[in-house]
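What follows is a set of notes on a single structure, which appears directly below.
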Amino acid sequence: MKSFYAEGFQRLETKVARILNNFKNEGILIGPGSRNVVKVIDIDGEKFNFKSFKQHNVVNRHVYKYYRKSKAKRSFEYAQMLLQKGFHTPEPVAYIENFDLWGLTSSYYISRQLEESPTLMEVIVNHNFPDRENVIREYADLMFRLHNHGFEFRDNAPGNFIIKKENNASHFYMVDLNRMSFHSEMNLDKRLNNFARLTSDNQVIRVISDEYAKLSDSSPEYCYSKITGAINKMVRKRKMKKILKFYKFLLPKR
């Protein structure tokens with residue numbers, strides 16, 4: 001087992017090892033757990049978020065041992081990077097990797113658990129959410145600042161932003177960080193394509209387009225056109241994947 005703990009959290013190493021040895025029976029499951037398993041676990045009165053990543057196929061197990069960082073390690077390092085640049089994410093605690101002779105067998109990312117707060121998804125679906133338009137504009141401002149740093153949060157889905165109100169402003173805590181890309185600079189089209197996974201709610205897209213246009217000194221209509229185009233392309237891609245999966249299911253087994 002390979003483990004790395006953030007400064008101040010080495011004290012948890014023995015207790016975390018015990019928890020992982022009995023992970024199936026520990027903590028409170030968050031979500032369905034059908035792919036990655038996320039649990040909230042109490043250690044000495046402190047709540048921590050444990051994320052166990054889905055087991056890889058035999059090829060990827062080898063890749064993640066010798067050629068590429070595991071999702072757990074990337075999550076940990078990207079969280080530290082975001083915090084250093086002044087962005088918000090739950091405090092990273094540790095990552096743990098287990099290997100056999102062939103490759104990676106399991107990996108875990110541990111962070112502090114945030115107290116219950118709404119996500120951007122709740123803002124989007126609830127048209128009566130308090131101060132809804134301003135929250136959406138603050139989200140657009142966050143994305144603009146990320147893009148200015150060359151950070152492309154590729155899993156830019158509304159459930160991956162936890163909102164905490166502090167000093168009359170919305171602070172967005174990003175989670176599911178393992179899918180990020182980094183660029184020396186990002187042109188406007190690449191920035192706007194980054195909204196492809198967000199929503200098909202036209203009102204929300206209009207607000208984001210208006211705010212991003214102000215920040216980037218561009219046209220709201222151009223921003224709207226590029227964002228909706230990216231979203232429509234993503235929708236078509238998802239539909240095609242479902243169709244291919246359906247036909248694969250119908251094919252006779254050999």
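Just so you know, residue 1 is the first one in the sequence shown, and it goes up from there.
- Below 30°, between 30° and 60°, or above 60°: for Phe23 and Phe50 the angle between ring planes is between 30° and 60°, a tilted geometry.
- Judged by distance alone, the side chains of Glu138 and Ser170 do bring a donor and an acceptor atom under 3.5 Å apart.
- Surrounding CG of Asp217 are at most 12 heavy atoms belonging to other residues, nucleotides or ligands under 6.0 Å away.
- Between Gly159 and Val175, the shortest heavy-atom distance links the atoms O-CG2, 4.3 Å.
- For the pair Asn21 (side chain) and Ala17 (backbone), a donor-acceptor distance under 3.5 Å is present.
- Defined by atom type and a distance below 3.5 Å, a donor-acceptor pair is missing between the side-chain atoms of Tyr173 and Asn160.
- Residue Lys39 holds its NZ atom at 9.5 Å from OH of Tyr108, rounded to the nearest 0.5 Å.
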### Query
What do the steps show when you test Arg179 against Lys71 for side chain to side chain contact (heavy atoms under 4.5 Å, CB included), and what is the final call?
CA-CA 8 Å; Arg179 296 181 70 243; Lys71 293 180 180 180; over 6 Å; no
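- Remark: the Tyr109 side chain and the Asp176 side chain contain no N/O donor-acceptor pair separated by less than 3.5 Å.
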### Task
Test Ile43 against Ile19 for side chain to side chain contact (heavy atoms under 4.5 Å, CB included), laying out the working first.
CA-CA 10 Å; Ile43 304 177; Ile19 288 168; 3.7 Å; yes
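- The heavy-atom pair separating Ile41 from Gly27 by the smallest distance is CG1-CA, 3.6 Å.
- Counting non-hydrogen atoms of neighbouring residues, nucleotides and ligands closer than 6.0 angstrom, the OH atom of Tyr67 reaches no more than 12 such neighbours.
- When each of Val204, Leu198, Thr199, Ile162 is checked for a side-chain contact (heavy atoms from CB on, under 4.5 Å) with Leu120, only Leu198 meets the rule.
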### side chain to side chain contact (heavy atoms under 4.5 Å, CB included) between Glu26 and Arg18, worked out
CA-CA 10 Å; Glu26 294 280 352; Arg18 179 192 61 77; 3.3 Å; yes
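- When each of Tyr95, Phe53, Phe99 is tested with Ser107 by the rule side-chain contact (heavy atoms from CB on, under 4.5 Å), just one qualifies, namely Phe53.
- In summary, Lys164 and Glu116 do not engage in a salt bridge, as defined by a charged side-chain N under 4.0 Å from a carboxylate O.
- Residue Asn168 qualifies as open at atom CG: its count of foreign heavy atoms under 6.0 Å is 12 or below.
- The shortest non-hydrogen separation linking Ser70 to Lys73 is OG-N, 3.1 Å.
- Note on Glu97 versus Lys69: no salt bridge recorded, every NZ/NE/NH1/NH2 to OD/OE distance being 4.0 Å or above.
- Other residues, nucleotides and ligands place no more than 12 heavy atoms under 6.0 Å from the NZ atom of Lys233.
- Ring centroids of Tyr139 and Phe161 are separated by less than 6.0 Å, placing the two rings close together.
- The shortest non-hydrogen separation linking Asn194 to Asn156 is O-ND2, 2.9 Å.
- Phe87 has its ring centre less than 6.0 Å from the ring centre of His149.
- Residue Ile231 comes nearest to Ala196 through the heavy atom pair CG1-O, 3.6 Å, listed as atom of the first residue, atom of the second, then distance.
- A donor and an acceptor atom, one from each side chain of Thr105 and Asp100, are nowhere located under 3.5 Å apart.
- Ion pairing between a basic and an acidic side chain is recognised when a charged N comes within 4.0 Å of a carboxylate O; Lys47 and Glu115 show no such pairing.
- Other residues, nucleotides and ligands contribute over 12 non-hydrogen atoms within 6.0 Å of the NZ atom of Lys51.
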### Message
For Met143 and Phe195: C-alpha separation, side-chain torsions, deciding distance, then whether side chain to side chain contact (heavy atoms under 4.5 Å, CB included) applies.
### Response
CA-CA 9 Å; Met143 295 304 297; Phe195 292 99; 3.7 Å; yes
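- The local environment of CD in Glu166 is crowded, with over 12 non-hydrogen atoms from other residues, nucleotides or ligands closer than 6.0 Å.
- Ring centroid separation for the pair Phe151 and His147 does not come in under the 6.0 Å cut-off.
- The pair Asp201-Arg132 meets the salt-bridge criterion, since a charged nitrogen lies less than 4.0 angstrom from a carboxylate oxygen.
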### Message
Would Asp141 and Arg137 count as a salt bridge (Lys or Arg N to Asp or Glu O under 4.0 Å) here? Give the steps.
### Response
CA-CA 6 Å; Asp141 176 77; Arg137 289 184 181 277; over 6 Å; no
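- Judged by distance alone, with hydrogens and angles left aside, the side-chain atoms of His62 form a donor-acceptor pair with the main-chain N or O of Trp102 at under 3.5 Å.
- Nearest heavy-atom pair across Ser219 and Ala213 is C-CB, 3.7 Å.
- With salt bridges taken as basic N to acidic carboxylate O contacts below 4.0 Å, none links Arg206 and Asp210.
- Within 6.0 Å of CD1 on Ile28 lie no more than 12 heavy atoms contributed by other residues, nucleotides or ligands.
- The distance from the CE atom of Met180 to the CZ atom of Arg74 is 12.0 Å, given to the nearest 0.5 Å.
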